[in-house]
Structures are given as structure tokens and as C-alpha cells.
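Inspection log for the structure reproduced underneath, given as C-alpha cells.
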Amino acid sequence: MWEFTRDHPLHPCIVRRLQGMGFYRIIEIGRFQFDWASIIAMIERWRSEAHTFHLPIGEATITLEDVEVLFGQPVDGILVDYPHALRDYTRVDYLHMLQRLTGFQPAEPTVLSGSSRLQLTQVRQHLVAMDAEITDDSPPEYIDQHTRLLLLIMFGGILFPNTSRNLVSLRFLYHLERLDDLSS
């Protein structure tokens, strides 16, 4: 995600949309210079059996409040749940939802892993093509489609990554249907 936004700067319309939803801070984090010596020191002090850092001043752990401060994401809003109706969705159902909400239709059916996980490589390629078409006069629906695809990359690559860092669950599309509700 961070490499993508570095190589393909976001149009101001997309930036404003992400800021309004509270997700732009995550993109900004990728631009920070990290103090790798401090990070390595913290890794060496991490105790996985207790899920804490052992510091000279005592034990410390990461809380949801820390996540809220770092990412700017509220942790006390509306519950994010997995609707029961999605349990019966098939590969075709997810592809239809993807097309309807993002305007993206994968060229190859093999980009789906299982019935609900999408490979992000083609999504990134599609976004590059979409970037060229975004202007200040682009319709809001087009901006929302682009924003949903960016959020899928963010979810699959940063917030909820798997070991490949190239797959995202299409179950997130359900929550991306109403973008104006995401901030809560």
C-alpha cells in the first residue's frame, strides 16, 4: 500500500475522501522515517508468552488506545461484524459485489483464492489505469469506486494482512458499501 501510494500519488479528491473517512492517516504513516535501532530494541524486549515489552521501567503492552493514536482510527464506534447472509456467498456473488461497488472486474478468474479472497496485483494495476482518468470534475461515484479499491489494498496489505500480503477478503466489501459510515 505504502509503496503504491508513493509511486502513484493520490488525486486530491481521493485524499479528501480518505481524510473524511479517517483512513488517510494510515497512508501518511508510510511516509515517516523510522528509527530502526529503536524498533529492533523493542523487538528484542518483546516477550510473546506474555504479549508484553519488558522495559527497565516495567512491563508495557500495546492497547487499542495505542492503535487509535497511531492510526487515527476510532476504537469505540459501531461494531464491525460479519453479517450472517455473507456466509452463503459464492465466488460469483463476491465478483458481482466487487463489480457493483468498485467497477473492477478481474480479467482472470484465478485472481480469487478460494471463494472470497482477491489477489491485489490486478487491483493495483486497475488503480493505475483509473488514476489517469480522475479529474476535479470526476463524478462522486467514480471517486468512491477508486476509494473502495484503495481501501481493499489497505485492508489486505496493512490492517489485516495475510502472509502473502497479496490477498484481501472480499467480505470487507460489505462494509465498504456505505463509505460515509466508515468513520464511525
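Nothing here was measured: the structure is a model prediction, and the numbers come from that model. The figures here come from the full heavy-atom set of this structure, side chains too, leaving out hydrogens, waters and symmetry mates.
- With a 4.5 Å cut-off on side-chain heavy atoms, Ile39 and Met42 do not count as touching.
- Scanning for side-chain hydrogen bond (donor to acceptor under 3.5 Å, both in side chains) contacts around Glu177 gives Arg100, with sequence neighbours left out.
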Review point. Run the side chain to side chain contact (heavy atoms under 4.5 Å, CB included) check on Gln105 and Leu98 step by step: do they pass?
Key: CA-CA 7 Å; Gln105 185 66 42; Leu98 179 67; over 6 Å; no
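- Contacts of Asp131 classified as salt bridge (charged side-chain N to carboxylate O under 4.0 Å, His left out), with partners at least two apart in sequence or in another chain: none.
- Between Arg17 and Leu179 there is a side-chain heavy-atom pair separated by less than 4.5 Å.
- Annotation: side-chain hydrogen bond (donor to acceptor under 3.5 Å, both in side chains) contacts of Tyr24 (sequence neighbours excluded): Arg31.
- The OG1 atom of Thr121 sits 9.5 Å away from atom CD1 of Ile153, with the distance rounded to the nearest 0.5 Å.
- The main-chain N or O of Thr102 is never found under 3.5 Å from a side-chain atom of Arg148 such that the two would form a donor-acceptor pair.
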Q) Could you walk me through whether Leu18 and Met21 pass the side chain to side chain contact (heavy atoms under 4.5 Å, CB included) check? A) CA-CA 5 Å; Leu18 289 169; Met21 292 183 297; 3.8 Å; yes
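- Applying the side chain to side chain donor-acceptor pair (under 3.5 Å) rule to pairs touching residues 37-49 yields Asp35-Ser38, sequence neighbours excluded.
- The distance from the OG1 atom of Thr135 to the CG atom of Asp137 is 4.5 Å, given to the nearest 0.5 Å.
- In this structure the side chain of Val123 never reaches within 4.5 angstrom of the side chain of Phe4, judged on heavy atoms.
- Leu152 is not connected to Leu167 by any chain of hydrophobic side-chain contacts under 4.5 Å among Ile, Leu, Val, Met, Phe, Trp and Tyr, and they are in different clusters.
- Of the inter-residue distances, the one linking Met130 atom CE with Ile14 atom CD1 reads 7.5 Å to the nearest 0.5 angstrom.
- Between Phe160 and Phe155, the ring-plane angle classifies as perpendicular under the 30° and 60° cut-offs.
- By the 4.5 Å heavy-atom criterion applied to side chains, Leu151 and Phe172 are not counted as neighbours.
- Here the side chains of Asn162 and Ser169 are not in contact, with every heavy-atom distance at 4.5 Å or above.
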Please tabulate, for side-chain N and O atoms in residues 58-69, each donor-acceptor pair with protein atoms closer than 3.5 Å (sequence neighbours left out).
{"unit_1": "Thr61", "atom_1": "OG1", "unit_2": "His51", "atom_2": "O", "d": "2.8"}
{"unit_1": "Thr63", "atom_1": "OG1", "unit_2": "Glu65", "atom_2": "N", "d": "3.3"}
{"unit_1": "Thr63", "atom_1": "OG1", "unit_2": "Asp66", "atom_2": "N", "d": "3.3"}
{"unit_1": "Thr63", "atom_1": "OG1", "unit_2": "Asp66", "atom_2": "OD2", "d": "3.2"}
{"unit_1": "Asp66", "atom_1": "OD2", "unit_2": "Thr63", "atom_2": "N", "d": "2.8"}

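- Side chains of Asp144 and Thr147: a donor-acceptor N/O pair is absent below 3.5 angstrom, by distance only.
- Between His146 and His11, the closest side-chain pair of non-hydrogen atoms is not below 4.5 Å.
- Using a 4.5 Å heavy-atom cutoff, the side chains of Ile27 and Leu150 are not in contact.
- Distance OH/Tyr89 to CG/Leu173: 9.5 Å, rounded to 0.5 Å.
- A distance of 6.0 Å separates CG of Leu118 from CG of Leu120, quoted to the nearest 0.5 Å.
- Summarising the geometry of Arg171 relative to Tyr94, their closest heavy-atom pair is CG-OH, 3.2 Å, with the distance given to 0.1 Å.
- Under the 4.5 Å side-chain heavy-atom criterion for grouping Ile, Leu, Val, Met, Phe, Trp and Tyr, Val92 is not connected to Phe104 through any hydrophobic cluster.
- Of the inter-residue distances, the one linking Leu170 atom CG with Leu101 atom CG reads 10.5 Å to the nearest 0.5 angstrom.
- Applying the salt bridge (charged side-chain N to carboxylate O under 4.0 Å, His left out) rule to Asp136 yields no partners; only residues at least two apart in sequence or on another chain are considered.
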TODO: Please assess Ile26 against Met154 for the test side chain to side chain contact (heavy atoms under 4.5 Å, CB included), listing each intermediate value before the final yes or no.
DONE: CA-CA 8 Å; Ile26 295 170; Met154 184 182 295; 3.8 Å; yes
